[in-house]
Amino acid sequence: MEAIHNEEAKSYFSRELLTWYRRIKRDLPWRMNQDPYRVWVSEIMLQQTRVDTVIPYYERFMNKFPTVRALAEAPEEEVLKCWEGLGYYSRARNLQAGAREVVQRYGGIVPDDKAAVAGLKGVGPYTTGAIMSIAFNRPEPAVDGNVMRVLSRYFCLEDDIAKPATRVGIEKLAQSLIPKGAAGDFNQALMELGALVCTPKSPSCLPCPVMEHCSARWAGRETELPIKTKAKPPRPEKRVAVIITGTGAYEGKILVRQRPDTGLLAQMWELPHLLVPKDQEPLIDAADQSESNASTAEAGEWLTRSMEAETGLLIRPDRWLMDADHVFSHIHWKMRIYLADLGLDAIGATGASLAAETAAAYETGSLRSEYRWIGPEDMETLAFPNVFIRILREYWT
DNA sequence: AACTCGGGGGT
DNA sequence: ACCCCAGAGTT
């Protein structure tokens, strides 16, 4: 990071950007006032998530949990349900943990104190600066991807913005640019410019309020900057999921389970599924939509054995239903979904009259606690990842 | 420093 | 297809 920047270019940038922002800023729900709780919730939702995606979630969330105390006192599952589909679900849990901490330690008032805010769960360097500047107008930098892009271009910085050290350097630069008494507006102006004008692919330089002194523009390098190392592609995982239909008392219901409370999609509900080992992928791929051939039967047998070994459920695959792909930032699920029922014959039931009894035994006895029978109406209370929402919607229609 | 953690929109 | 997004936590 260069130690010296042109002071003239810097003061011009700060002045023109702030003026521009105050003229054109968007009317967003979290800009209604500077309530620190509203700012906090918005900043957590906006982490790695676009404004247009956040808006409806934000409205629902603030309606349901209008105050720090309301959020702190809510059941965790309701918070997770309200976050359903937004992704990065630990944000929701951390936000509520933070709300509970604010209630216990600060009497329900978000403290006007950098160290205290930075200590809240889920609040890192960016969010600390955003809350301190927007809610309290403190001169703290709030450096996100937009800001790194804008400043990399304006000052023609060639540091790799994927490296943490680069963000630290840009934070110092960003702080030095904050106009006196206008931290909140200026930080939002930087992000507004990045979102609306100085966009990643094809920046709109002509309407840009600071084009005149933009180093990258003068060098004709605005599309080359910022420099960022490429992310690794997500690793592929072949998975087989099953829609297990109930019988007897559970007629019309299917079996779902809740994920562990840490890790990927923690505490979300899902269809039972398992990872297909690399050497078994050909077997699963060979089974296709064709009614009943040898390869389909083989795949079904493999599924039955593997499901019992991993989940304790003795299932009886019926037929292939659909395939579904789901891409996380680090994993690519290639899912094959089968219809099945519980292998009642195999566990001793000889007639349909025993079906309900056997199924009940699954619920009270050998059915592990994370499993539940649900109908379509239960989708309104349990939180599912989008991939399973899509599959179940398809199944029930 | 590298990896984990969702999901969708823009190009 | 690929990139990126008002990033943070863990290892």
Side-chain angles (χ1 to χ4, degrees), chain A residues 21 25-26 28-31 39-58 80 83-95 97-98 117-135 140-150 160-168 171 174 184 186-196 198-204 223 226 228-235 259-260 262-268 270 325-333 383-390:
Chain A
Y21 173 72
K25 69 175 179 181
R26 289 172 289 178
L28 301 172
W30 44 89
R31 288 178 177 165
V39 174
W40 179 14
V41 172
S42 74
E43 292 301 339
I44 299 299
M45 283 192 175
L46 286 162
Q47 289 171 5
Q48 297 291 283
T49 312
R50 292 171 192 285
V51 165
D52 291 339
T53 303
V54 165
I55 290 174
Y57 280 92
Y58 183 79
L80 196 58
W83 211 270
E84 178 186 76
L86 197 53
Y88 289 134
Y89 299 99
S90 64
R91 290 185 296 175
R93 256 187 306 282
N94 288 337
L95 177 59
V117 168
L120 298 171
K121 279 199 182 235
V123 177
Y126 162 75
T127 307
T128 299
I131 294 174
M132 294 313 294
S133 63
I134 299 171
E140 299 293 336
V143 174
D144 69 339
N146 285 312
V147 175
M148 288 197 284
R149 183 174 58 255
V150 168
D160 182 354
I161 65 168
K163 295 187 184 304
T166 302
R167 196 210 68 228
V168 174
E171 277 174 348
F186 178 73
N187 284 346
Q188 293 183 85
L190 271 170
M191 295 187 277
E192 199 89 338
L193 189 73
L196 300 179
C198 196
T199 51
K201 287 293 166 64
S202 52
S204 315
T223 57
K228 184 179 185 178
T229 55
K230 293 191 208 309
K232 282 173 52 177
R235 66 173 183 275
R259 295 179 63 88
T262 58
L264 181 67
L265 301 170
Q267 291 175 272
M268 303 288 283
E270 65 176 5
D325 270 47
H326 194 65
V327 183
F328 305 92
S329 36
H330 58 308
I331 309 174
H332 183 164
W333 279 357
F384 284 82
N386 273 9
V387 57
F388 293 111
I389 293 176
R390 281 194 292 270

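We name chains A, B, ... by the order of the sequence lines, and we start the count at 1 in each one. These figures come from a predicted structure and were not determined experimentally. Atoms considered below: every heavy atom in the structure, side chains included; atoms not considered: hydrogens, waters and symmetry mates.
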Margin query: Under 4.0 Å, heavy atoms only, any strand: does A/Val51 hit a base, just the sugar-phosphate, or nothing?
Written below: base
Checklist line | Which nucleotide in B/dA1, B/dG8, B/dG6 has an atom nearest any side-chain atom of A/Pro164 | finding: B/dA1
Next item on the list: Could you measure between the two C1' atoms, the one in B/dG6 and the one in C/dC5, and give it in whole Å?
Entry: 12 Å
Next item on the list: Check every atom of B/dT4, B/dG7, C/dA6 against the side chain of A/Met191 and return the nucleotide holding the closest atom.
Entry: C/dA6
Notebook entry, point to check: Given B/dT4, is OP1 or OP2 found less than 4.0 Å from the side-chain N or O atoms of A/His330?
Noted result: no
Notebook entry, point to check: Touch check for A/Pro233, heavy atoms < 4.0 angstrom, all strands: base, sugar-phosphate only, or nothing?
Noted result: nothing
Checklist line | Interatomic distance, A/Asn146 CG vs C/dC5 P [rounded to whole Å] | finding: 6 Å
Margin query: Using a 4.0 Å heavy-atom cut-off, does A/Thr127 contact any base of the nucleic acid, only the sugar-phosphate backbone, or nothing at all?
Written below: sugar-phosphate
Next item on the list: May I have the step-by-step check of side-chain contact (heavy atoms from CB on, under 4.5 Å) for A/Leu265 and A/Tyr89, ending in yes or no?
Entry: CA-CA 7 Å; A/Leu265 301 170; A/Tyr89 299 99; 3.8 Å; yes
Note to self: So, applying side-chain hydrogen bond (donor to acceptor under 3.5 Å, both in side chains) with A/Tyr126, which one of A/Glu43, A/Glu171, A/Arg167, A/Gln47 is it?
What the structure shows: A/Glu43
Note to self: Taking the nucleotide of DNA chain B with the nearest heavy atom to each, does A/Ser329 or A/Thr53 sit closer to the 5' end?
What the structure shows: A/Ser329
Note to self: So A/Gly194, base contact, sugar-phosphate only, or nothing? Heavy-atom distance under 4.0 Å.
What the structure shows: nothing
Next item on the list: Whole angstrom is fine here: how far is it from CG in A/Leu95 over to P in C/dA6?
Entry: 19 Å
Margin query: Without decimals, in angstroms, what is the distance between A/Lys232 NZ and C/dC3 P?
Written below: 15 Å
Next item on the list: In whole angstrom, give me the gap between the P atoms of C/dA8 and B/dG8.
Entry: 22 Å
Next item on the list: Mind checking A/Arg26 for me? I need base, sugar-phosphate or nothing, with any heavy atom below 4.0 Å counting as a touch.
Entry: base
Item checked: Euclidean distance for C1', C/dC4 against B/dC5 (whole angstrom) -> 16 Å
Next item on the list: Measure the acute angle between the ring planes of A/Trp333 and A/His326, then classify it against the limits of 30° and 60° as parallel, tilted or perpendicular.
Entry: tilted
Note to self: I need the NZ-C1' distance between A/Lys230 and C/dC3, as an integer number of Å.
What the structure shows: 9 Å
Next item on the list: Could you tell me whether A/Ser90 contacts a base, only the sugar-phosphate backbone, or nothing, with contacts defined as non-hydrogen atoms closer than 4.0 Å?
Entry: nothing
Next item on the list: State which of C/dA6, B/dC5, B/dG7 makes the closest approach to the side chain of A/His326.
Entry: B/dG7
Note to self: Using a heavy-atom cut-off of 4.0 Å across all strands, would you classify A/Lys163 as base, sugar-phosphate, or nothing?
What the structure shows: nothing
Notebook entry, point to check: NA contact type, A/Phe328, heavy-atom cut-off 4.0 Å: base, sugar-phosphate, or nothing?
Noted result: sugar-phosphate
Margin query: Could you check whether any side-chain N or O of A/Asn146 sits under 3.5 Å from a backbone N or O of A/Thr199, counting only pairs where one atom can act as donor and the other as acceptor?
Written below: no
Item checked: A/Asn386 side chain, from C-beta outward: closest of B/dG8, C/dA8, C/dA6 -> B/dG8
Next item on the list: Under 4.0 Å between any heavy atoms, over every strand shown, what does A/Ile331 touch: base, sugar-phosphate, or nothing? Just pick one.
Entry: nothing
Checklist line | Donor/acceptor link under 3.5 angstrom from A/Thr49 side chain onto base of B/dG8 | finding: no
Notebook entry, point to check: What is the distance from atom CZ of A/Phe186 to atom CE of A/Met191, rounded to the nearest 0.5 Å?
Noted result: 10.5 Å
Checklist line | For A/Trp30, the option from A/Tyr58, A/Trp40, A/Tyr57 that meets ring-ring contact (aromatic ring centres under 6.0 Å, His included) | finding: A/Tyr58
Next item on the list: Pick base, sugar-phosphate or nothing for A/Arg390, based on heavy-atom distances below 4.0 Å to the nucleic acid.
Entry: sugar-phosphate
Next item on the list: Starting at atom CD1 of A/Ile44, determine the distance to atom C1' of B/dG6, rounded to an integer number of angstrom.
Entry: 16 Å
Next item on the list: Could you go through the side-chain contact (heavy atoms from CB on, under 4.5 Å) check for A/Trp83 and A/Arg91 one step at a time?
Entry: CA-CA 9 Å; A/Trp83 211 270; A/Arg91 290 185 296 175; 3.6 Å; yes
Checklist line | First encountered from the 5' end of DNA chain B, between A/Gln47 and A/Lys201 | finding: A/Gln47
Item checked: Whole-Å gap separating P (B/dC5) and CD (A/Glu84) -> 19 Å
Notebook entry, point to check: From C/dG7, C/dA6, B/dC3, pick the nucleotide closest to the side chain of A/Trp30?
Noted result: C/dA6
Next item on the list: Please state whether the base of B/dC5 and the side chain of A/Arg91 form at least one donor-acceptor pair under 3.5 Å?
Entry: no
Item checked: Shortest side-chain distance from A/Leu264, nucleotide among C/dC4, B/dT4, B/dG6 -> B/dG6
Next item on the list: Check whether any side-chain N or O of A/Gln267 sits under 3.5 Å from a backbone N or O of A/Arg259 as a donor-acceptor pair, and report yes or no.
Entry: no
Item checked: Residue matched to B/dG10 through Watson-Crick or wobble contacts both under 3.5 angstrom -> C/dC2
Note to self: Taking any heavy-atom pair under 4.0 Å as a contact, classify A/Arg149: base, sugar-phosphate, or nothing.
What the structure shows: sugar-phosphate
Check: Between C/dA8, B/dG7, B/dG6, which nucleotide has the shortest distance from any of its atoms to the side chain of A/Tyr88?
Finding: B/dG6
Checklist line | Separation of atom CD1 in A/Ile161 from atom C1' in C/dA6, rounded to whole Å | finding: 14 Å
Checklist line | Atom-to-atom span, CD of A/Glu270 to C1' of B/dG6 - whole angstrom | finding: 14 Å
